[in-house]
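Report on the structure given below.
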There are 2 protein chains.
Amino acid sequence: MNIGEIAKRVGVSRSTVSYALSGKRPVSAATVRRINDVIAELGYRPNASARALAEGRTRTLGLVIPPASTRLTDVQLSFVASVVEVAAAYDHDVLLSPSGGDHDRSFDRVVTGRRVDGVILMEILLRDPRVDRLTSSGLPFVTIGHVADSGASRWVDVDYAGLISRCVRHLADLGHEHVVLINRSDELVASGYGPAMRASAGFLETAEGFGMTAHDVCCADDPAAGLACFEEILERRPDVTAAVTINEAALPGVQRALHRAGLDVPRDFSLTGVIADRLAVDFHPPLTAADVPAGQMAQLAVDLLLEQIADPSAPPRHALLAPPITLRSSTGACRRS
Amino acid sequence: MNIGEIAKRVGVSRSTVSYALSGKRPVSAATVRRINDVIAELGYRPNASARALAEGRTRTLGLVIPPASTRLTDVQLSFVASVVEVAAAYDHDVLLSPSGGDHDRSFDRVVTGRRVDGVILMEILLRDPRVDRLTSSGLPFVTIGHVADSGASRWVDVDYAGLISRCVRHLADLGHEHVVLINRSDELVASGYGPAMRASAGFLETAEGFGMTAHDVCCADDPAAGLACFEEILERRPDVTAAVTINEAALPGVQRALHRAGLDVPRDFSLTGVIADRLAVDFHPPLTAADVPAGQMAQLAVDLLLEQIADPSAPPRHALLAPPITLRSSTGACRRS
DNA sequence: TTGTAGGCGTTATCAG
DNA sequence: CTGATAACGCCTACAA
C-alpha cells in the first residue's frame, strides 16, 4: 500500500495525494475528501523510511543510555520515560542506544547512520569522548549533565555543586562541625562523572569555608553498599553528626544502618542532599533535600534539541537548574559539642 | 557523503561498493581494500533510511511501554533496559513508544509506519486491544505477558498463578490458616491486568483447596500505599499470619508497617510472593520468593520476535517461566492457633 | 487547482 | 569479477 495506489484509486496524481496529506499546497475540498475516504478505506500510512529519505529528516531522536549491565538507577529511568513522553508530544519517536564506553556499535549506528535528527546524551563525564564524537559529527545533540568545557554545547543539568554547598551551609547553621558526603561509586568518581565530581567539590569547599571537618566517601549504588558504608562511617568517624548525599540507591541501607545504631533522625543525626522527591518523602523521617526534577529536565532537553534541529545555527543554550531545598524533618540542631 | 561518492573516488560502480560492504557477491581483494581505505578516509556510513527503503526492513524493533505518567516500576524498567541490550547484541535498535490506552499517535506511528520490523508489547491485559490491532496489522510481535486467548500468539510470561499457588501451599505446610494476597492496584485489577488477575486466581483457588481463610487486597504501587494497606490488614484481619505479594513497590511500606506493629518476621508473620531477587535479598529479613527474571524474559522475547521476523510463517511459540521459589528467611511456622 | 518528473541513497537484477 | 539500471515510496520544484 503506497501513495501511488491511493492516487490511482482516486484518479489523481501522486503529488496531489502527497499535498493533500501535507497541506503544503491547496487542494480542492472535494479531492481532499475523496482522498481521505480512500486512505481510510485502504488503511494507508506513509512509509517512514521513504519519507525520511526524501525529506532528509527522520522525526526521531536518539537517546543514549548507560548499558543495562550498569543497573539503571531510578532517576536515569525517569529521564528515559520522560524524554520518550515529551518527544511523543512533539510527534517524535525515540531510538534507544545503550552505550557505555567509547566506540560502540549501537552508538555508531545512531550517530552516523542518519537514523535520528539529534541525540540526547545522559550520564556525562567531565571529559566525555561521546561528546567529542558528537561535536565533530555535526549532529545536533544536547546533554543531560555537562562536560567541564561546556561553552559551545547545549545542556541541562542540576547544579550539584551549588545545591550540595547550600546543604552544607544549612548543616553549619544548625551547628554541625563534622560532616560526611556519601557520594556515588568509586568507579563513577574515577571516571570523572559530573554530578559526583561537582558534589564533592562543592561539599569540600563549603565545609572548609565554615571550618568544618569534612569527609568524602564513595558508595556503590545499592542498599547493601549504603549500609556498609554508613556503618564504616559511624565506626571510623564517630564525631560525624550529619551526612549529605546524592546517592539515592544507597538510602535504604543508610536507613537500616541508622536504625541498627539506634540513631534518631534528626535528634542524633542529620541527613540531607540531592534526592528525588519521591524518595525523600518516603524516607523515615522525610528528608530535607533538593529534588532532581527529571520531568522538567527531559522537557528542557527535548526543547533544546528540537530548537537546534530546527535551526542549527542558533546559539548554544543551556539550563542549570537549582531546585529549592525542601525543608522536611531530617535535619536538626547538632546535639553534640 | 553517499555510496556514489565513494564509488567515484575509488573508480568503481556503486554496486561494487555496495557488494564490497555486504559481501553478497565476490569482489576482488584489491578493490575491497581500496574501497575500505576511501571509506575510512571520508568517514562514510550508509544511510539507514535509504537502506531500509531498499531492503524493506529497518533492523529496528518497537517497544511499547506504559506512559511515564504511570510511574514505571522497577521490573518494567529492567525489561526496557534488557530488551535494548539484547537487541543491540543482534545489531538492532529499539524504538520506544509510550502507549497506554487504545488509539495513540505514537503507537500508530510505530505500527503502521513501517518504522520497525516487529514490536514487543509489555504490561498485557487479559483482553488487550493493542494485541488485536497488532494481530490484524500483520506486523510481527511478541508480548511480555499474555492475553487470555493467547493460542495463536507469541509471548513470554512468568507463571504468576502457579507461583503464587506454590507460595500458598508453602504457607499451608507451615501451618498458616489465614492468609492475604497483597495485589497490585485497583486500577490494574479493574482493567484486567494479567499478572494481577492470575495471581489472584491462583491465590484464592489454592487457599480454598487447603481450607484457608483468604483475603485478596489491592494496593497501589508505592511505599505509602503498602504501609496503609498493611496496617489496614492488621487491624481488620487480626487473624492473618502470612501474606503473599506481587507488589514490589509496596514492600518498603510493608516493611515499615511490620516494624511499627512490632511484628517479627518470620516469627510473628510470614511474607512471600513473586519479587525480583534484587529486592527480595534487600528485604529485612531476606524474602522467600520467586524471582522475576527480566533479563531472561527480554532475551526470550527478542529471540521469539527475530525468529518471527525471519520466518513469519513459523508456528507461534511461547514460554511460561516458572522460576524457583528461593527459600530465604521470611517464612516460618505459624505460631498462632 | 492539478500533473510531470527528478531526486533522496541503497540494494538487487540483469548483463557482460 | 564488475557495470548499468531499475526498483523502494515519498517529496517537491517546475509546468500547465
Side-chain angles (χ1 to χ4, degrees), chain A residues 1-36 38-39 42-60 91 93 108-117 138-139, chain B residues 1-36 38-39 42-60 91 93 109-117 139:
Chain A
M1 186 50 40
N2 59 34
I3 204 173
E5 191 68 21
I6 304 295
K8 192 185 302 175
R9 291 279 224 280
V10 178
V12 295
S13 75
R14 292 178 317 189
S15 54
T16 300
V17 177
S18 177
Y19 284 119
L21 251 28
S22 72
K24 291 189 179 172
R25 92 178 180 191
V27 175
S28 82
T31 332
V32 167
R33 195 145 33 75
R34 272 160 47 223
I35 289 175
N36 284 334
V38 175
I39 284 179
L42 301 189
Y44 162 79
R45 312 283 330 216
N47 179 309
S49 301
R51 186 206 290 260
L53 181 57
E55 276 191 318
R57 65 192 199 117
T58 59
R59 297 164 195 272
T60 301
D91 281 336
D93 290 312
D108 247 48
R109 279 199 302 274
V110 166
V111 172
T112 66
R114 277 90 122 212
R115 310 172 67 77
V116 299
D117 298 334
L139 190 64
Chain B
M1 187 49 41
N2 59 33
I3 204 172
E5 190 68 20
I6 304 297
K8 192 185 303 174
R9 291 278 223 281
V10 179
V12 295
S13 73
R14 290 177 314 184
S15 46
T16 300
V17 176
S18 177
Y19 284 118
L21 251 28
S22 71
K24 292 188 181 174
R25 91 178 180 190
V27 176
S28 83
T31 20
V32 167
R33 194 148 33 75
R34 272 160 50 221
I35 288 174
N36 284 334
V38 175
I39 284 179
L42 302 189
Y44 161 79
R45 309 287 328 219
N47 178 310
S49 301
R51 186 203 290 256
L53 182 57
E55 278 191 316
R57 66 196 199 116
T58 58
R59 294 162 196 274
T60 301
D91 281 337
D93 290 313
R109 279 200 304 274
V110 166
V111 173
T112 68
R114 276 91 121 212
R115 308 173 69 76
V116 299
D117 298 335
L139 190 65

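Below, chains carry the letters A, B, ... as their sequence lines are ordered, and counting in each starts from 1.
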Categorize A/P26 for me: base, sugar-phosphate, or nothing, with a 4.0 angstrom heavy-atom threshold over every strand shown.
base
Would the base of D/dG3 count as contacting B/R25 through its side chain, where contact means a donor and an acceptor less than 3.5 Å apart?
yes
Looking at five pairs on each end of the helix from C/dT1-D/dA16 to C/dG16-D/dC1, what is the angle between the two axes, given to 10 degrees?
40°
Would you confirm whether B/R115, through its side chain, and A/A48, through its main-chain N or O, come within 3.5 Å as a donor-acceptor pair?
no
Answer yes or no: does atom CZ of A/R33 have more than 12 heavy-atom neighbours from other residues, nucleotides or ligands under 6.0 Å?
no
Answer yes or no: is there a side-chain heavy-atom contact under 4.5 Å between B/T16 and B/I35?
yes
Taking for B/G11 and for B/E55 the nucleotide of DNA chain D with the nearest heavy atom, the one nearer the 5' end belongs to B/G11
Identify whether any heavy atom of B/T31 sits under 4.0 Å from a base atom; if not, whether one sits that close to sugar-phosphate; answer base, sugar-phosphate or nothing.
sugar-phosphate
When A/V12 and B/R51 are each assigned the nearest nucleotide of DNA chain C, the 5'-most assignment goes to A/V12
Determine, step by step, whether B/L21 and B/Y44 satisfy the side chain to side chain contact (heavy atoms under 4.5 Å, CB included) criterion, reporting the C-alpha distance in whole Å, the side-chain angles of both residues, the deciding distance to 0.1 Å, and the verdict.
CA-CA 11 Å; B/L21 251 28; B/Y44 161 79; 3.9 Å; yes
Quick check on DNA chain C: between B/T16 and A/V27, whose nearest nucleotide comes earlier from the 5' end?
A/V27
Outermost contacting nts on DNA chain C, any atom under 4.0 Å from chain A heavy atoms, listed 5' then 3', are C/dT1 to C/dG9
OP1 or OP2 of D/dC1 under 4.0 Å from side-chain N/O of B/S28:
no
